[in-house]
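Values below: all heavy atoms of this structure, side chains included; hydrogens, waters and symmetry mates excluded. None of these values were measured; they are calculated from a predicted model. By convention in this document, chain letters (A, B, ...) are assigned in the order of the sequence lines, proteins followed by strands, and residues within each chain are numbered from 1.
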Protein chains: 2
Amino acid sequence: MPAGTLQKNGLKVTPQRVAVLEAINSSDNHPAADEIIDFISRHHPNIGKGTVYRVLETLVNRGIISRVKTDSGIMRYDPITARHHHLYCSNSERIEDYDDKELNIILDNYFRKKKIKGFMIEDIKLQLIGKFTETRRSKNHKKGQIRNNLK
Amino acid sequence: MPAGTLQKNGLKVTPQRVAVLEAINSSDNHPAADEIIDFISRHHPNIGKGTVYRVLETLVNRGIISRVKTDSGIMRYDPITARHHHLYCSNSERIEDYDDKELNIILDNYFRKKKIKGFMIEDIKLQLIGKFTETRRSKNHKKGQIRNNLK
DNA sequence: TTCCTAAATAGGACTAATTCCTATTTATAA
DNA sequence: TTATAAATAGGAATTAGTCCTATTTAGGAA
Ligand SMILES: [Mn+2]
Ligand SMILES: [Mn+2]
Ligand SMILES: [Zn+2]
Ligand SMILES: [Zn+2]
């Protein structure tokens, strides 16, 4: 499947690109570059760090993956490019997807009426900050490993 | 005024703290640490970079200023701590405040009903991404200087 | 006013995420 | 199979931010 995605987007199918795509798709963690590199390195120990960053940029530019901003300034990556929002834990680095069509409709309607003077909206993202009351149902590799920097 | 704010918050009034507060207050740019340092350095050339970061952290912890996250991972600072949202330019680093009580009410109502399972909301931030159709009405020092990284 | 001391600063080393560089390798179109 | 433009490896460079410690200082006490 990764190979198909790459071809469809007119990208050369390289093992490195396939590996990066697989890493992101198999994570439910919104992984950082660092985690992607760790994951890939298990079966592909000689991948260049620079290559991973370059591949990520390429994939973002083609709209195959997206970026998720964090407080700490570390960039994280998301296999989902469709419109959706995020839940941010206020005392760990956990980030979960939040998809809500009803909310999107409300927001779209609101801003269809209420124009912001001097600004043309292209996208609306909600950051919902709070606390998770359930632990992660980890689907993948690094089970439960959530970087935690409670301060 | 900065001195008063510091005293009110039980902080020693040092020239460095006053300078940082003045820099942030006089900017309408949501400045990064780098810009705050540049600004202060004009009249206070020996301020330590570490001091500026430490003062910023102190001010954030006391609720005197707040942080604004950006795409690029560079942290920016905001003299406003009251609840408000931000307009992000999709091809420059421009960020403007967006305050909208009606919208806050809509969001609060929506999430009062619609609970998110496994998550307790503490704060909701909207990132409105788009294009500004008017140039900045620059109130301050670095006139018009908006870091621009159109790529 | 002067003195004392806990708190704050200067200034530079350090860290870590990301970018950049270039010699070498490789995917693919012909 | 070959040619070549595109991609990678590997490591140096950059840079926002943190950390450390000798020195200075704000502000309360005397
Ligand atoms: Mn890791
Ligand atoms: Mn600057
Ligand atoms: Zn997501
Ligand atoms: Zn603001």
>> Using whole Å, what does the distance between atom P of nucleotide C:dT25 and atom CG of A:N46 come to?
In response: 13 Å

> Rounded to the nearest Å, what distance is computed from the CD atom of residue B:Q16 to the P atom of nucleotide C:dG11?
Replying inline: 11 Å

>> If you assign each of A:H44 and B:M75 to its closest nucleotide in DNA chain D, which residue comes earlier from the 5' end?
In response: A:H44

> Using the C1' atoms of five pairs at each end, what's the angle between the two axes of the helix from C:dT1-D:dA30 to C:dA30-D:dT1, to 10 degrees?
Replying inline: 30°

> Start at the 5' end of DNA chain C and walk down; is the nucleotide closest to B:L11 or to B:G50 reached first?
Replying inline: B:L11

> Quick one: which of D:dT8, D:dT25, C:dT18 gets closest to the side chain of B:K12?
Replying inline: D:dT25

>> If you apply the rule side-chain hydrogen bond (donor to acceptor under 3.5 Å, both in side chains), what do you find for A:D100 with A:Y98, and how did you get there?
In response: CA-CA 7 Å; A:D100 186 337; A:Y98 179 66; 2.5 Å; yes

>> If I take atom CG in residue A:L6 and atom C1' in nucleotide C:dA27, what distance separates them, rounded to the nearest angstrom?
In response: 12 Å

>> Less than 6.0 angstrom from the centroid, inside 45 degrees of the normal: does A:R67 satisfy that with respect to the ring of A:Y77?
In response: no

> Rounding to a whole Å, what distance do you find between A:D38:CG and C:dA16:C1'?
Replying inline: 14 Å

> How long is the line joining CZ of B:R17 and P of D:dT25, in whole Å?
Replying inline: 15 Å

> At under 4.0 Å between heavy atoms, what does B:T51 touch on the DNA or RNA strands: base, sugar-phosphate, or nothing?
Replying inline: base

> According to the interplanar angle, ranging from 0 to 90°, do the rings of B:H30 and B:H86 count as parallel (below 30°), tilted (30 to 60°) or perpendicular (above 60°)?
Replying inline: perpendicular

> Taking the nucleotide of DNA chain D with the closest heavy atom to each, which residue, B:R54 or A:I47, is nearer the 5' end?
Replying inline: A:I47

>> Donor-acceptor check, side chain of B:S41 to backbone of B:P45, threshold 3.5 angstrom: yes or no?
In response: no

>> More than 12 heavy atoms of other residues, nucleotides or ligands under 6.0 Å from NZ of B:K114: yes or no?
In response: yes

>> Which residues end up grouped with B:V68 if you chain together Ile, Leu, Val, Met, Phe, Trp and Tyr wherever their side-chain heavy atoms are less than 4.5 Å apart?
In response: B:Y88, B:I95, B:I129

>> If we ignore hydrogens and angles and just use 3.5 Å, is the side chain of A:N29 paired with the main-chain N or O of A:P31 as donor and acceptor?
In response: no

> Which nucleotide in the set D:dT8, D:dG27, C:dT9 lies at the smallest distance from any side-chain heavy atom of B:V13?
Replying inline: D:dG27

> Base, sugar-phosphate, or nothing: which does B:P45 touch, judged by heavy atoms less than 4.0 Å apart?
Replying inline: nothing

> D:dG27, D:dT8, C:dT18: which one has an atom nearest the side-chain heavy atoms of A:I74?
Replying inline: C:dT18

>> Quick check for you: among D:dA26, D:dA9, D:dT18, whose closest atom lies nearest to any side-chain atom of B:Y53?
In response: D:dT18

> Nearest-Å distance, CD1 (A:I37) to C1' (C:dA16)?
Replying inline: 12 Å

>> Would the distance check show the side chain of A:E35 and the main-chain N or O of A:A32 forming a donor-acceptor pair, the cut-off being under 3.5 Å?
In response: yes

>> Without decimals, in angstroms, what is the distance between A:I40 CD1 and D:dT8 C1'?
In response: 13 Å

> In whole Å, what is the span from the NZ atom of B:K69 to the C1' atom of D:dA16?
Replying inline: 16 Å

> Checking only heavy atoms, does the side chain of B:K49 share a donor-acceptor pair with the base of C:dG12 at less than 3.5 Å?
Replying inline: no

